[in-house]
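Take a look at the structure set out below.
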Number of protein chains: 2
Amino acid sequence: MDNISQSIGGPPDGAEATGTVLDEFVSYGLRRASNAVQSDLARALRDIDLRLVTMSVLVVIAENPGLRQSQLSDILSIERPNLVSILDELESRSLMSRTRVPTDRRAYALSVTEEGQALADRALEVTREHEERVFGGLDAATRRLLRTAILQVRFAAGG
Amino acid sequence: MDNISQSIGGPPDGAEATGTVLDEFVSYGLRRASNAVQSDLARALRDIDLRLVTMSVLVVIAENPGLRQSQLSDILSIERPNLVSILDELESRSLMSRTRVPTDRRAYALSVTEEGQALADRALEVTREHEERVFGGLDAATRRLLRTAILQVRFAAGG
DNA sequence: TATTGTTATACTCTATAACTATA
DNA sequence: TATAGTTATAGAGTATAACAATA
């Protein structure tokens, strides 16, 4: 209930964020950081009329022409029903198209249009700028360690 | 478009996660990790009938008796309107109460009940177990570095 | 005038059950 | 019978405008 004991000894390893017990938890800091980072990226993508989801979907289709919706769903962990409106949006903007697969008429092969490819490229640029803005302050070693730690954590949490 | 270059030289620093360009971005890994971690914590808290928000609100009130709603809103970055139903829920479960402040009759002083204090303590235990489960695999140095990096990033992203 | 808590509302993201058409 | 895509729907989480009571 008092935090005198921890605050003695000068600035610790950046312990204060909200000034509550919650600062003790990596989990809580991770959530706040992730929200802030996502907001920054979302803001940047708004300039090219993309959301986080539409960006990742467009980019993954551009990278894997012929992909099925169910595969896309697995890769990005987006539930199949939720993918439908996302693809509808991209398709109505002429950024990608669904083509019937002759060998399996239940499925669609997804592919980007020229316009979609151009926007995907632009989206990657925007995202790289964002990464530099947000993670550029970390030195290379820390950045590498962050990537590794994040993957380990993601695995440990079953994601 | 090919990732042969990176994959030569044995297991790199855990580069593969979705197998797409998105793996290049710390931002994306951070989001996926944060989601997985939050899911794990949410699952654990469900056993004591708390959500992530209700947990953090309860814990912060327990730590700061007499807190105003607007202060709580600032600390947890929850919009004041969204706080109302959260507090209604906790109050209806007799975990906390709103008391009129005599010196400023617009405001409420928030405080936990005995029952609320007990649940807050239990919630901290549950959260510590979760932290151990999810971040226990990281050595102490990495864990410390992760906390620091997260704070830096949160600051850089304006969170 | 400004602030505290509130109401109403809306938008995004996510999750599930059930349908259709194919396999 | 199982799978691919779809529809409908519901629940969180989050954000904003506007109001009443009080400062």
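Residue numbers begin at 1 in each chain, while the letters A, B, ... track the order of the sequences.
Remark: C1' of dT4(C) and CG of Leu83(B) are 12 Å apart, rounded to the nearest angstrom. Computed from coordinates, the Leu67(A) CG to dG5(D) C1' distance equals 14 Å when rounded to whole Å. Separating the CZ atom of Arg51(A) from the C1' atom of dC11(C) is a distance of 10 Å, rounded to the nearest angstrom. Rounded to an integer number of Å, the gap from Leu76(B) CG to dT14(D) P is 11 Å. One can place CG of Asn35(A) at 17 Å from P of dT12(C), the figure rounded to the nearest angstrom. When rounded to the nearest whole Å, the span between CG of Leu52(A) and P of dT12(C) equals 12 Å. We find that CD1 of Ile86(A) is positioned 12 Å from P of dT12(C), with the value rounded to whole Å. Between Ile78(B) atom CD1 and dG5(C) atom P the separation is 14 Å, expressed in whole Å.
Between atom CG of residue Leu76(A) and atom CG of residue Leu52(A) there is a gap of 11.5 Å, rounded to the nearest 0.5 Å.
Judged by distance alone, the side chains of Arg32(A) and Ser77(B) do bring a donor and an acceptor atom under 3.5 Å apart. Under the 3.5 Å distance criterion, with hydrogens and angles disregarded, no donor-acceptor pair is assigned to the side chains of Ser70(B) and Arg80(B). Side-chain N/O atoms of Asp88(B) and Ser85(B) include no donor and acceptor closer than 3.5 Å.
Under the 4.5 Å side-chain criterion, counting only non-hydrogen atoms from C-beta, Tyr28(B) is not in contact with Leu41(A).
Look at Glu132(A) and Arg143(A) and you find a salt bridge, because one of the NZ, NE, NH1 or NH2 atoms lies within 4.0 Å of a carboxylate O, short of that distance.
Put simply, Arg98(A) has no side-chain N or O that comes within less than 4.0 Å of OP1 or OP2 on dA4(D). The side chain of Gln69(A) contributes an N or O atom lying less than 4.0 Å from OP1 or OP2 of dT6(D).
Sequence order on DNA chain D of the closest nucleotides to Arg31(A) and Ala109(A) puts Ala109(A) first from the 5' end.
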When every nucleotide of nucleotides 16-23 of chain C is labelled 5' to 3' by its protein contacts under 4.0 Å (heavy atoms), B for base, S for sugar-phosphate only, - for none, what sequence of letters results? BB---BBS
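Minimum atom distance to the side chain of Ser70(A) is reached by dA4(D), of the listed dG5(C), dT7(D), dA4(D).
Under the 6.0 Å distance and 45° angle rule, Arg68(B) does not count as a cation-pi partner of Tyr108(B).
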